[in-house]
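What you see is a predicted model; the values in this text were computed from it and never measured. Convention: sequence-line order gives letters A, B, ...; per-chain numbering from 1.
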4 protein chains.
Amino acid sequence: MHRGNRHGRSEEARLAVLQAADDLLVEHGFARLTVEAIAQKAGVAKQTIYRWWPSKTDILLDAFLTDAAEELAPPDTGDLAADVRAHLTAVARFLTESDAGAVFRALTAESLHDPRLATRLRAEHLTAQRARDRLPLERAVARGDLPAGTDLDILVDRLVGPLYYRALVTGEEITADYIAAVSSLWSC
Amino acid sequence: MHRGNRHGRSEEARLAVLQAADDLLVEHGFARLTVEAIAQKAGVAKQTIYRWWPSKTDILLDAFLTDAAEELAPPDTGDLAADVRAHLTAVARFLTESDAGAVFRALTAESLHDPRLATRLRAEHLTAQRARDRLPLERAVARGDLPAGTDLDILVDRLVGPLYYRALVTGEEITADYIAAVSSLWSC
Amino acid sequence: MHRGNRHGRSEEARLAVLQAADDLLVEHGFARLTVEAIAQKAGVAKQTIYRWWPSKTDILLDAFLTDAAEELAPPDTGDLAADVRAHLTAVARFLTESDAGAVFRALTAESLHDPRLATRLRAEHLTAQRARDRLPLERAVARGDLPAGTDLDILVDRLVGPLYYRALVTGEEITADYIAAVSSLWSC
Amino acid sequence: MHRGNRHGRSEEARLAVLQAADDLLVEHGFARLTVEAIAQKAGVAKQTIYRWWPSKTDILLDAFLTDAAEELAPPDTGDLAADVRAHLTAVARFLTESDAGAVFRALTAESLHDPRLATRLRAEHLTAQRARDRLPLERAVARGDLPAGTDLDILVDRLVGPLYYRALVTGEEITADYIAAVSSLWSC
DNA sequence: GATTAAGCGAGACGGTACGTCCTGTCTTACA
DNA sequence: TGTAAGACAGGACGTACCGTCTCGCTTAATC
């Protein structure tokens with residue numbers, strides 16, 4: 001369907017491209033995520049893709065950011081241990097089971113080859129994600145459940161680092177027990 | 001010198017290929033690691049490569065395993081905290097600074113797209129690496145510095161997980177302070 | 001200059017390919033007439049060649065037909081013997097000395113291995129060539145110099161067959177005497 | 001089966017190679033006549049082939065010469081016209097219908113690309129064949145049926161040329177009428 | 001009878017070309 | 001002016017053969 005006009009880019013084409021990229025990745029893997037395949041699946045000309053995205057990983061990042069995948073907001077029950085466990089469980093599910101997680105893993109993989117993508121991924125996703133990861137801890141500090149002056153950045157790393165390690169490196173399952181063990185940190 | 005015959009492949013060609021793959025990756029990055037470039041740099045026919053390796057990532061894994069990259073044996077001074085800190089420092093340096101670490105990062109990235117490679121990488125490297133990572137802890141258990149019955153696997157994850165997370169995901173520097181904070185674990 | 005678009009192929013690329021094929025054959029022989037060499041010499045992508053020609057012999061046939069190689073129109077002086085001799089001389093020169101003849105010999109050779117090419121070569125060149133070969137005879141019939149009802153097709157074969165035989169099979173020179181002997185046919 | 005020894009080449013291997021080449025050509029055409037296919041079909045090592053034949057066309061020529069294909073000896077009834085017609089009929093059948101003719105056409109085709117092969121083909125087959133083609137004419141001269149001093153070489157060309165032309169170039173059928181027309185030559 | 005050297009089947013080697021796929025650029029006609 | 005369509009130059013893919021080589025076996029003449 002044509003949407004060419006003189007009033008800016010076609011939102012229709014944009015969404016079709018993002019959807020096609022997402023679908024192709026989830027269905028067929030990164031190897032078959034080609035610009036040509038996206039264009040064909042989206043019913044869009046290659047030139048339209050190149051006009052708006054510098055590379056296929058930028059498409060994927062856009063698709064990832066557009067998705068509601070960002071809804072990993074931690075709960076706030078006032079119980080630090082419980083809130084952290086619940087949040088880590090959500091993070092683990094995102095990383096290992098969701099479609100958005102598959103896209104995130106692919107983007108992370110590519111970012112290891114492509115510093116430009118790494119920068120974008122950090123700026124446009126990881127920063128916000130880490131802010132969300134910090135929330136339960138900040139609240140705990142505010143409540144006095146954690147000592148003021150605690151280095152929350154390092155604490156976040158020690159909580160989510162093992163999850164990413166399992167999800168991205170060893171591939172082992174992330175069980176409730178694992179999360180419990182990982183989050184037994186401030187009890188020191 | 002040719003060594004082609006029915007009784008075995010050419011060791012010369014094999015080593016030239018592994019060296020070329022390693023060099024190309026470190027010098028020019030994964031994007032320019034093509035089978036053709038490896039063949040040319042190694043002075044080898046493409047067919048020889050395809051005869052012995054299913055894909056270029058298999059070459060890279062072979063190169064990685066052949067390298068002295070395996071020399072991450074932890075020290076044994078009898079001081080758990082010091083041994084762990086020293087080992088984590090070596091792991092961090094491997095991950096972020098060494099040529100072998102660059103190869104490892106590329107392999108990890110590809111393994112996120114390729115389950116077959118993930119399986120090989122885990123079986124032929126990660127298992128042994130994790131065994132090395134456990135060593136200081138096992139010795140501590142033997143010495144009575146850690147309680148018998150401690151789940152060392154999870155402990156390993158909690159120690160190295162944050163390092164891999166920084167090295168592979170956030171890209172932040174891994175400082176001595178970071179290692180100190182991460183390894184203040186059994187003091188609980 | 002690019003001319004690729006939905007409304008037609010690039011005439012520039014087409015001509016460059018035909019010229020390159022012709023040149024490569026005449027300069028280096030059929031053995032070195034590879035698609036890659038044609039593409040390189042023509043400054044054209046291999047895919048462009050495969051898009052428009054099924055095989056390199058089709059390129060060569062196109063080049064042959066495009067050339068002015070078709071200018072073997074026989075003279076018409078009203079003297080049957082002289083016209084035939086002149087025409088056979090031109091045919092012999094074409095077969096043995098011209099660049100176009102080299103292409104024709106190569107195409108004939110390949111057509112012996114490839115029935116599809118044989119069909120095309122006959123339909124798109126030989127038929128027209130034989131029509132030209134018939135012309136002096138048809139004129140002679142019209143003039144009454146040859147009896148009406150003469151089987152001109154067989155007569156053409158008897159005139160040009162020995163020439164092709166020498167040019168393609170025995171390799172012997174085609175002299176004026178030879179042509180004179182061959183064309184002393186209707187004097188019976 | 002091994003036949004290695006220090007007293008010369010294996011006749012068994014030689015015949016297997018010739019047979020395999022012949023079979024492959026007749027069954028699958030020249031395109032699939034590769035040294036590797038011949039070696040495999042003959043149960044022979046490639047090296048054995050390269051030891052004894054410079055190229056696959058030399059194998060084919062050997063196969064052709066070894067075959068009883070040479071038995072195109074013309075009859076001798078004392079009737080020039082009949083003898084020539086019978087011989088031309090046999091030549092036509094050889095060229096267009098026999099397996100040996102298929103090999104000959106392939107060799108002729110290749111000889112148009114390969115002067116070395118052309119020389120061999122002429123020296124080792126065509127010369128003898130033309131001698132056989134001359135025989136009826138020489139006998140006729142001896143009998144006085146043809147004038148002494150007739151240029152028999154040109155006469156041979158005028159008789160067989162049209163047959164080769166049809167068989168190799170136009171692909172038209174060679175009928176009895178065609179042969180009758182072609183051989184009505186000395187009646188002038 | 002043991003030695004030895006040539007021919008052999010096997011098959012790995014460096015290399016070239018194949019025909020395909022995808023990249024990123026371009027041109028055109030349409031809306 | 002943005003778009004769908006698609007041809008373009010370029011480059012890597014994985015495959016098929018080329019002609020060369022090395023290997024270990026078999027065999028028959030020589031020691």
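Listed by chain and number, the residues in a side chain to side chain donor-acceptor pair (under 3.5 Å) with Thr34(B) amount to none (sequence neighbours excluded).
A heavy-atom distance below 4.0 Å to DNA chain E is reached by these residues of residues 31-41 of chain A, ordered by number: Thr34(A), Val35(A), Glu36(A). Remark: Lys46(C), Gln47(C), Tyr50(C) in residues 43-56 of chain C come within less than 4.0 Å of DNA chain E through at least one heavy atom.
Between Arg9(D) atom CZ and dA28(F) atom P there is a gap of 18 Å when expressed in whole angstrom units. Atoms CD (Glu12(C)) and P (dT27(E)) sit 12 Å apart, rounded to a whole Å. Rounded to whole angstrom, the span from the CG atom of Leu24(D) across to the P atom of dC17(F) amounts to 11 Å. Here dC26(E) presents its C1' atom at 18 Å from CD of Glu11(C), a figure rounded to the nearest Å. Atom pair Arg14(D):CZ and dC8(E):C1' shows a separation of 17 Å (rounding to whole Å applied). Distance Leu15(A) CG to dT3(F) P: 12 Å, rounded to the nearest Å.
Sorted by first and then second residue, the pairs that involve residues 109-121 of chain D and meet salt bridge (Lys or Arg N to Asp or Glu O under 4.0 Å), not counting sequence neighbours, are Asp58(D)-Arg116(D), Asp58(D)-Arg120(D), Asp62(D)-Arg120(D), Asp114(D)-Arg116(D), Arg120(D)-Glu124(D). For residues 34-57 of chain C, the pairs satisfying salt bridge (Lys or Arg N to Asp or Glu O under 4.0 Å) are Glu27(C)-Lys41(C), Glu36(C)-Lys46(C), with sequence neighbours left out.
Listed for the Thr108(B) side chain is a donor-acceptor partner under 3.5 Å among the backbone atoms of Phe104(B). Arg32(B) contributes no side-chain N or O that, together with a main-chain N or O of Ala37(B), makes up a donor-acceptor pair within less than 3.5 Å.
Axis angle across the helix from dG1(E)-dC31(F) to dA31(E)-dT1(F), with five pairs used at each end and values rounded to 10°: 0°.
At least one side-chain heavy atom of Trp52(B) sits less than 4.5 Å from a side-chain heavy atom of Arg9(B). The side-chain heavy atoms of Arg14(D) and Thr66(D), taken from C-beta on, include a pair separated by under 4.5 Å.
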